[in-house]
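Down below is the structure, laid out as structure tokens.
Keep in mind that this is a model prediction, so the values were computed, not measured. Hydrogens, waters and symmetry mates play no part in the numbers below; they use all other heavy atoms, side chains included.
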Amino acid sequence: QVQLMESGGGSVQAGESLRLSCAGSLYTYDDYCMGWFRQAPGKEREGVAAIYTGGHNTHYADPVKGRFTVSHDGAKSTLYLQMNDLKPEDTAVYYCAAKRGFACYSDSWFTSAMDYWGKGTLVTISS
């Protein structure tokens, strides 16, 4: 059974950095798009960043461009999200997700159905 498990969340002040990790037990790790999503209190879940594990194509939502970097380590089957210059509006539960295929190069991927989800990790940014 595929499992995705996020870690690395916490509470930091505005301007600081955090790195999230998502360890996955995908059977064919290099044939997935994996992404990060977040859901702030009272808001809908939104896509943040995505990467194709068979290559290095990435896609970012506009609010995080230039501040967040998504990457993966195939040997460790782990997805990362480096978050710099954090802002209070980045406060949310962050989830990782995976979907078979390679077409994660546009915002439409964020709204498509994912194959697997993690349970989330809370990130709190104070001003």
Side-chain angles (χ1 to χ4, degrees):
Q1 184 175 353
V2 172
Q3 290 185 329
L4 300 177
M5 184 172 295
E6 303 92 339
S7 61
S11 297
V12 298
Q13 293 189 326
E16 295 185 342
S17 300
L18 280 174
R19 189 177 81 155
L20 305 183
S21 300
C22 172
S25 60
L26 301 173
Y27 296 117
T28 53
Y29 184 80
D30 61 354
D31 193 30
Y32 282 83
C33 277
M34 296 189 72
W36 290 97
F37 295 75
R38 66 186 182 186
Q39 187 166 19
K43 294 187 176 181
E44 293 187 354
R45 186 169 55 199
E46 62 178 358
V48 173
I51 187 168
Y52 174 50
T53 58
H56 297 283
N57 295 336
T58 58
H59 181 72
Y60 296 92
D62 286 344
V64 306
K65 284 181 180 176
R67 300 188 298 123
F68 290 12
T69 302
V70 61
S71 61
H72 70 92
D73 184 334
K76 297 181 179 179
S77 296
T78 301
L79 178 74
Y80 301 100
L81 184 68
Q82 178 66 43
M83 305 186 294
N84 297 330
D85 190 23
L86 284 161
K87 303 176 181 181
E89 52 264 42
D90 294 318
T91 294
V93 176
Y94 283 72
Y95 301 89
C96 68
K99 179 179 181 179
R100 200 116 186 214
F102 60 89
C104 45
Y105 43 70
S106 70
D107 284 353
S108 63
W109 186 81
F110 292 135
T111 58
S112 64
M114 299 293 117
D115 293 330
Y116 307 104
W117 287 95
K119 294 185 177 181
T121 185
L122 177 62
V123 172
T124 303
I125 312 302
S126 58
S127 58

Does some side-chain heavy atom of Asp90 sit less than 4.5 Å from a side-chain heavy atom of Phe68?
-> yes
Rounded to the nearest 0.5 Å, how far apart are OG1 of Thr78 and CE of Met34?
-> 8.5 Å
What is the minimum heavy-atom distance between His59 and Ser106, and which atoms define it?
-> NE2-C, 3.4 Å
Should we say atom CE of Met5 is surrounded by more than 12 heavy atoms from elsewhere, each under 6.0 Å from it?
-> no
Should Leu4 and Leu20 be counted in the same cluster of Ile, Leu, Val, Met, Phe, Trp and Tyr side chains packed under 4.5 Å apart?
-> yes
Hey, does the side chain of Ser25 reach the backbone of Gln3 with a donor-acceptor pair shorter than 3.5 angstrom?
-> yes
Look only at the side chain of Glu6 and the backbone of Cys96, and say whether a donor-acceptor pair between them is shorter than 3.5 Å.
-> yes
Look only at the side chain of Asp115 and the backbone of Arg100, and say whether a donor-acceptor pair between them is shorter than 3.5 Å.
-> yes
Grab the two heavy atoms, one from Lys99 and one from Ala113, that are nearest each other, plus how far apart they are.
-> CD-O, 3.2 Å
Aromatic ring pairing Tyr32/Tyr116, orientation class (parallel under 30°, perpendicular over 60°, tilted between) | tilted
Is Glu16 close to Leu86 at the side-chain level, that is, under 4.5 Å between some pair of heavy atoms?
-> no
Say you draw a straight line from OH of Tyr80 to NE2 of His72; how long is it, rounded to the nearest 0.5 Å?
-> 11.0 Å
If you measure from CD1 on Ile51 to OH on Tyr105, what distance do you get to the nearest 0.5 Å?
-> 16.0 Å
Without swapping roles, check the side chain of Trp109 against the backbone of Phe102 for a donor-acceptor pair under 3.5 Å.
-> no
Just do the side-chain contact (heavy atoms from CB on, under 4.5 Å) check on Arg38 and Glu46 with the steps written out, would you?
-> CA-CA 6 Å; Arg38 66 186 182 186; Glu46 62 178 358; 2.6 Å; yes
Taking Tyr60 for the side chain and Val70 for the main chain, is one N or O donor matched with an acceptor at less than 3.5 Å?
-> yes
In terms of hydrophobic clustering (I, L, V, M, F, W, Y; side-chain heavy atoms under 4.5 Å; direct or indirect links), are Val48 and Leu18 co-clustered?
-> yes
Under 4.5 Å between any side-chain heavy atoms of Trp117 and Arg45, yes or no?
-> yes
Shortest non-hydrogen separation from Cys104 to Ala50 and the atoms involved | CB-CB, 3.9 Å
Between the CD atom in Glu44 and the CD atom in Gln39, the distance rounded to the nearest 0.5 Å is 8.0 Å
Give every donor-acceptor pair under 3.5 Å between a side-chain atom in residues 118-127 and any protein atom, sequence neighbours left out.
| unit_1 | atom_1 | unit_2 | atom_2 | d |
| --- | --- | --- | --- | --- |
| Thr121 | OG1 | Gly9 | N | 3.2 |
| Ser126 | OG | Val12 | O | 3.4 |

Is the closest side-chain heavy-atom distance between Val93 and Phe37 below 4.5 Å?
-> no
Around Lys43, counting heavy atoms of other residues, nucleotides and ligands shown, do more than 12 lie under 6.0 Å from its NZ?
-> no
Approximate separation, where rounding is to 0.5 Å, of Ser21 OG and Leu81 CG | 9.5 Å
